[in-house]
2 protein chains.
Amino acid sequence: MMKQKHCCPPAKAAPRNTSGNEEFATLCKALGHPARVQILQHLIRMDRCVCGQIVEVMPLAQSTVSQHLKILRRSGLIQGEVDGPKSCYCVDKNVLKRFHDMVETLLEEQ
Amino acid sequence: MMKQKHCCPPAKAAPRNTSGNEEFATLCKALGHPARVQILQHLIRMDRCVCGQIVEVMPLAQSTVSQHLKILRRSGLIQGEVDGPKSCYCVDKNVLKRFHDMVETLLEEQ
DNA sequence: TTTATTGATCGTTGATCGACGATAAGCGAT
DNA sequence: ATCGCTTATCGTCGATCAACGATCAATAAA
């Protein structure tokens, strides 16, 4: 079998929906840290809020929270927009719903 | 606010279900790599199968697949039992269901 | 204009990940 | 007892993560 070093799987015989796997894994990875789960939950409850409000709730430095927000944003789970000198974040419910559907699909596949 | 270095959050004022977050993050982290998602899907479809069969399907070295299996097993998503010289793996459907429910709870919280 | 506030980014540091080959350990067959 | 097959573990290496403080850029307030 073809092997490779330090890189993601190449084309395979029957890769069975690899791109979907990729997106699912990306979303999971974004939620693979308790701080980011907490941030997402907080955003869900508050609907939308500003970075500082999140920092207040978290036992982490502002720069660390900002980093987590960046990761969540990159995954698509949250969106951020500048609001004056502040940054306002909110959950992208479509992406969250899609994530949910992916898990459901997984569950139904058995 | 109390800060700390290189370590997980300590007790907080109102940590709001931190242990649940922890488990959810752990499961997400386990699925945060496309290879592990693929392995889980394969196990779901095959119901149960032996390590070698998984290695055949994946474009990765046997040791790498074994490592991924270990991570999935540690997360609780799959179980493994020795069967002679082979190792047989299967999905823990209860854990998968719980994972699904966690996502659903997240979705319903908005 | 200067100052304060807010948040993103930079740079660093130690820990963990992800890949591999090599090796060890357990079992079945010869 | 030895050999072969199967799988887990070890050791290594580069890449990425997670945390922090420091700094920078942009806006609001004085």
Side-chain angles (χ1 to χ4, degrees), chain A residues 1-10 12 21-22 25-26 28-39 42-43 48-75 78-90, chain B residues 1-10 12 21-22 25-26 28-39 42-43 48-75 78-90:
Chain A
M1 171 179 300
M2 277 293 287
K3 292 292 163 51
Q4 55 178 2
K5 280 177 177 267
H6 299 164
C7 151
C8 281
K12 266 282 296 155
N21 279 358
E22 206 82 29
T26 299
C28 282
K29 192 171 180 181
L31 291 176
H33 190 290
R36 292 195 286 270
V37 176
Q38 201 174 336
I39 290 174
H42 194 252
L43 278 175
R48 55 179 34 249
C49 69
V50 124
C51 175
Q53 297 176 294
I54 301 171
V55 173
E56 276 175 8
V57 178
M58 308 284 301
L60 296 170
Q62 176 268 323
S63 59
T64 306
V65 172
S66 189
Q67 187 62 24
H68 282 309
L69 284 168
K70 186 179 177 179
I71 290 168
L72 283 172
R73 198 154 57 82
R74 219 176 38 199
S75 81
I78 71 174
Q79 295 174 343
E81 58 179 60
V82 291
D83 172 21
K86 308 190 175 183
S87 282
C88 189
Y89 288 94
C90 65
Chain B
M1 170 181 298
M2 277 295 284
K3 292 290 164 51
Q4 54 178 1
K5 281 174 178 269
H6 299 164
C7 153
C8 281
K12 264 282 296 162
N21 279 358
E22 207 81 29
T26 298
C28 282
K29 192 170 180 181
L31 291 176
H33 191 291
R36 292 195 287 269
V37 175
Q38 201 174 337
I39 290 173
H42 194 252
L43 278 174
R48 57 177 35 247
C49 68
V50 125
C51 175
Q53 297 175 294
I54 301 172
V55 173
E56 277 175 6
V57 176
M58 308 284 301
L60 296 170
Q62 177 269 324
S63 59
T64 306
V65 172
S66 188
Q67 187 61 23
H68 283 308
L69 285 167
K70 185 179 179 180
I71 290 168
L72 283 171
R73 197 153 56 83
R74 217 176 38 198
S75 80
I78 72 174
Q79 295 175 343
E81 58 180 61
V82 290
D83 171 21
K86 309 189 177 185
S87 280
C88 190
Y89 288 94
C90 64

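Note on naming: letters A, B, ... go to the chains in the order of the sequence lines (proteins, then strands), and numbering restarts at 1 for each one. What you see is a predicted model, and the numbers here were worked out from it, not measured in a lab.
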K.L.:
Do B:V37 and B:H33 have side chains that get closer than 4.5 Å, going by heavy atoms?
P.N.:
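The answer is no, as the side chains (C-beta and beyond) never meet within the 4.5 Å cut-off.
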K.L.:
Side-chain contact test, heavy atoms from C-beta onward, threshold under 4.5 Å: evaluate it for B:L43 versus B:C90 and give yes or no.
P.N.:
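Heavy-atom side-chain distance check fails, nothing below 4.5 Å.
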K.L.:
C:dA8, OP1 or OP2 - any side-chain N/O from A:S66 closer than 4.0 Å?
P.N.:
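Looking at the OP1 and OP2 atoms of C:dA8, one of them is under 4.0 Å from a side-chain N or O of A:S66.
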K.L.:
Looking at B:K86, I'd like to know whether one of its side-chain N or O atoms comes within less than 4.0 Å of OP1 or OP2 on C:dG26.
P.N.:
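The answer is no; no side-chain N or O of B:K86 sits under 4.0 Å from OP1 or OP2.
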K.L.:
Side chain of A:H33, heavy atoms from C-beta onward: which of C:dA19, D:dA19, C:dG28 has the nearest atom to it?
P.N.:
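Of C:dA19, D:dA19, C:dG28, D:dA19 is nearest to the side chain of A:H33.
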K.L.:
Applying a 4.0 Å non-hydrogen cut-off, can you work out what B:S63 is touching in the nucleic acid: base, sugar-phosphate, or nothing?
P.N.:
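Base: the residue B:S63, judged by heavy atoms under 4.0 Å, touches a nucleobase.
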K.L.:
Classify A:R73 by what it touches in the nucleic acid, base, sugar-phosphate, or nothing, heavy-atom distance under 4.0 Å.
P.N.:
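No contact.
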K.L.:
Less than 4.0 angstrom between a side-chain N/O of A:H68 and OP1 or OP2 of D:dC17, yes or no?
P.N.:
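Result: no.
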K.L.:
Looking at every non-hydrogen atom in both residues, tell me the closest pair between B:C88 and B:R48 and how far apart they are.
P.N.:
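Heavy atoms of B:C88 and B:R48 come nearest at SG-NH1, 3.1 Å.
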K.L.:
Can you tell me if the side-chain N/O atoms of B:T64 get under 4.0 Å from OP1 or OP2 in C:dG18?
P.N.:
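So the side chain of B:T64 is outside the cut-off, no N or O lying under 4.0 Å from OP1 or OP2 of C:dG18.
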K.L.:
Quick one: is A:Y89 getting a side-chain N or O under 4.0 Å of the C:dA8 phosphate, OP1 or OP2?
P.N.:
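Looking at the OP1 and OP2 atoms of C:dA8, one of them is under 4.0 Å from a side-chain N or O of A:Y89.
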K.L.:
In whole angstroms, how far is the P atom of C:dG7 from the CE atom of A:M58?
P.N.:
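Value for this atom pair: 15 Å.
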K.L.:
Taking atom P of C:dA8 as reference, at what distance in whole Å does atom CD1 of A:I71 sit?
P.N.:
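Distance, rounded to whole Å: 13 Å.
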K.L.:
Can you tell me how far P of C:dG18 sits from CD of B:Q67, to the nearest Å?
P.N.:
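Atom-to-atom, B:Q67 to C:dG18, this comes out as 9 Å.
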K.L.:
Find the distance A:E81:CD to C:dG7:P and express it as a whole number of Å.
P.N.:
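It is 13 Å, rounded to the nearest whole Å.
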K.L.:
Rounded off to whole Å, could you give me the CG-to-C1' distance for the B:L72 and D:dT7 pair?
P.N.:
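From B:L72 CG to D:dT7 C1': 16 Å.
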K.L.:
D:dT7, OP1 or OP2 - any side-chain N/O from B:K70 closer than 4.0 Å?
P.N.:
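Answer no for this pair, as no side-chain N or O of B:K70 is under 4.0 Å from OP1 or OP2.
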K.L.:
What is the distance from CG of B:L69 to P of D:dT7, rounded to the nearest Å?
P.N.:
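Roughly 10 Å, once rounded to whole Å.
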K.L.:
Taking atom P of C:dA4 as reference, at what distance in whole Å does atom CD of A:Q62 sit?
P.N.:
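Answer to the nearest Å: 18 Å.
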K.L.:
Assign B:V50 to base, sugar-phosphate, or nothing according to its heavy-atom contacts below 4.0 angstrom with the strands shown.
P.N.:
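Here B:V50 touches the backbone only, sparing every base.
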K.L.:
Quickly work out the A:K29 NZ to D:dC17 P distance and round it to whole Å.
P.N.:
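A:K29 atom NZ is separated from D:dC17 atom P by 5 Å.
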K.L.:
Would you indicate, yes or no, if D:dA8 has its OP1 or OP2 atom less than 4.0 angstrom from a side-chain nitrogen or oxygen of B:S87?
P.N.:
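B:S87 to D:dA8 OP1/OP2: side-chain N or O found under 4.0 Å.
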K.L.:
Nearest heavy-atom pair of B:C51 and B:Y89: which atoms, and what distance?
P.N.:
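That would be CB-CE1, 4.2 Å.
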K.L.:
Looking at B:R36 and B:L31, what are the two nearest heavy atoms and their distance?
P.N.:
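Scanning both residues, the minimum pair turns out to be O-CD2, 4.4 Å.
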